[in-house]
There are 2 protein chains.
Amino acid sequence: MDKLNSQSTELQIMDVAEQLFLEKGFAMTSTTEIAKQVGCNQALVHYYYRSKEKLFLLIFRKKIETFANYFVTVGDESMSFEHRLKLRMYAHFEMFQNNPKMPFMILNELTTNPRRLQTVKEIFSKAPGLVVSQLEAELKVEFDKGRIRKMSAVDVMLSAFSLNAGLFLLLPIIKGLSVLPDNEIKNMIEKRKEENYQIILRSLRE
Amino acid sequence: MDKLNSQSTELQIMDVAEQLFLEKGFAMTSTTEIAKQVGCNQALVHYYYRSKEKLFLLIFRKKIETFANYFVTVGDESMSFEHRLKLRMYAHFEMFQNNPKMPFMILNELTTNPRRLQTVKEIFSKAPGLVVSQLEAELKVEFDKGRIRKMSAVDVMLSAFSLNAGLFLLLPIIKGLSVLPDNEIKNMIEKRKEENYQIILRSLRE
DNA sequence: ATATAGTTTAATAGCTCTATTAATACGATG
DNA sequence: CATCGTATTAATAGAGCTATTAAACTATAT
């Protein structure tokens, strides 16, 4: 193995682990495989991170926090409702673009291992219904102006989330079934960013 | 263990396996656990189904076929475009309602184990682009009438799929975070069926 | 009652995985 | 160069898992 790697072994382990956990999930990834891919002894994984679980939680927490942080993006009071909606939708989408495998990892771990919901609860406890009630208020203002139909913030968020996450969840399958040539995929993703915003916007129109 | 169960052990094993595979995925489910939950010896699982992989594939194929079959639902020529769209969206949604854990299982297995894409290809090879081109044609008719904006069938299907599957993928998390009281969940699901149809319909409006 | 086919069990081989331990190599510092 | 802390390795305990095998059980037909 080339030991010319600039990074410390400790960080390399973390990086490789992140890749593998994202790709195949906690259960399907072994510390042996991580070590092999780093090119070091398997004991080193435990030397630095004690246990597979602890190493995983480090990475998982980071992802959840990235995810949670997105929610603070609010936009400016002066902007139109449409503009603010667009900003949010784009920010959400771009977070997934930068972490395309995050949605699957989070979904996978929370579904197969419900115990992990606790971790999420803790991290989200800070800003829980705050975002929802914020959006709720904005929707009410627009509704009172007669600009949009009556719709709950939870519903809007659920739709937006499904559309954005859905694309990235399906991406490996789309690629695998080679429905689209590789070079057009990037294209398609970029188009879906605007499309998803449009869908949410139109779904609100009276 | 009560051996008064009406079903044969062979079928019981299949049923329990289906539950567990749906719940926790292939990797996280052991034949030992299946046997324990059935109340029989672990060797029986292999006696009837040879290997864990073969047992899994039996179940996985069934799910994929259920999924693929939905696509044939077309609707009547005489109906309006809206009506046909509604029929399809509802059929799709109801298939998920009847198999709420199917989306996760399929997604999980195809993502963590790309080798399984082959299985899907085989099953889908029968009616591949047929459904897409069918919808494409219908969209063109409506577009030519000036009733809807220009949009590709793939885009529409991706959106519809994301919205419908998204709800059922998120359900365990929504329940786990106890965002909603248990009795209101059924309510919410039923509302989302119409809502998702509305979203797709509105996304098409010129 | 005995033979026979189909079920079920206990035991275990063989594998892989996590985690630990003790020994060794490395590298900086005094 | 001797020392000391850190990094790394080999070896292995201990657990769980899949799959196989041979023996035991059960029911049914002759």
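In the text below, chain A, chain B and the rest are named by the order of the sequence lines, each starting its count at 1.
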Looking at A:F93 versus A:F168, is the centre-to-centre ring distance below 6.0 Å? yes

Salt bridge (charged side-chain N to carboxylate O under 4.0 Å, His left out) test vs B:E18 passes for just one of B:R61, B:K63, B:K24, B:K101, namely B:K63

Where along residues 45-53 of chain B does a heavy atom come under 4.0 Å from DNA chain C, residue by residue in number order? B:Y47, B:Y48

Take the protein atom [atom1] of [X] and the nucleotide atom [atom2] of [N], then report the distance between them rounded to whole Å.
X: A:F56; N: C:dT18; atom1: CZ; atom2: C1'; value: 16 Å
X: A:N41; N: C:dA19; atom1: CG; atom2: P; value: 15 Å
X: A:I13; N: D:dT8; atom1: CD1; atom2: P; value: 8 Å
X: B:M28; N: D:dG16; atom1: CE; atom2: P; value: 15 Å

With a 4.0 Å cutoff (strictly under), does any side-chain N or O of A:T9 reach OP1 or OP2 of D:dT8? yes

Is a salt bridge present between A:E65 and A:K62, judged by a nitrogen-to-oxygen distance below 4.0 Å? no

Are the charged groups of A:E94 and A:K86 less than 4.0 angstrom apart, N to O? no

Looking only at the side chain of [X] (C-beta and beyond, no hydrogens), which of the listed nucleotides [options] gets closest?
X: B:T31; options: C:dA10, D:dT18, C:dT20; result: D:dT18
X: B:L44; options: D:dT8, C:dT8, D:dT18; result: C:dT8
X: B:S30; options: D:dT9, C:dA10, D:dC17; result: D:dC17

Judged by each residue's nearest nucleotide on DNA chain D, which is more toward the 5′ side, B:T32 or A:Q42? A:Q42

Can you see whether B:S203 engages B:R149 through a side-chain donor-acceptor pair at a distance of less than 3.5 angstrom? no

Indicate whether the side chain of B:Q19 and that of B:Q37 have a donor and an acceptor atom separated by less than 3.5 Å. no

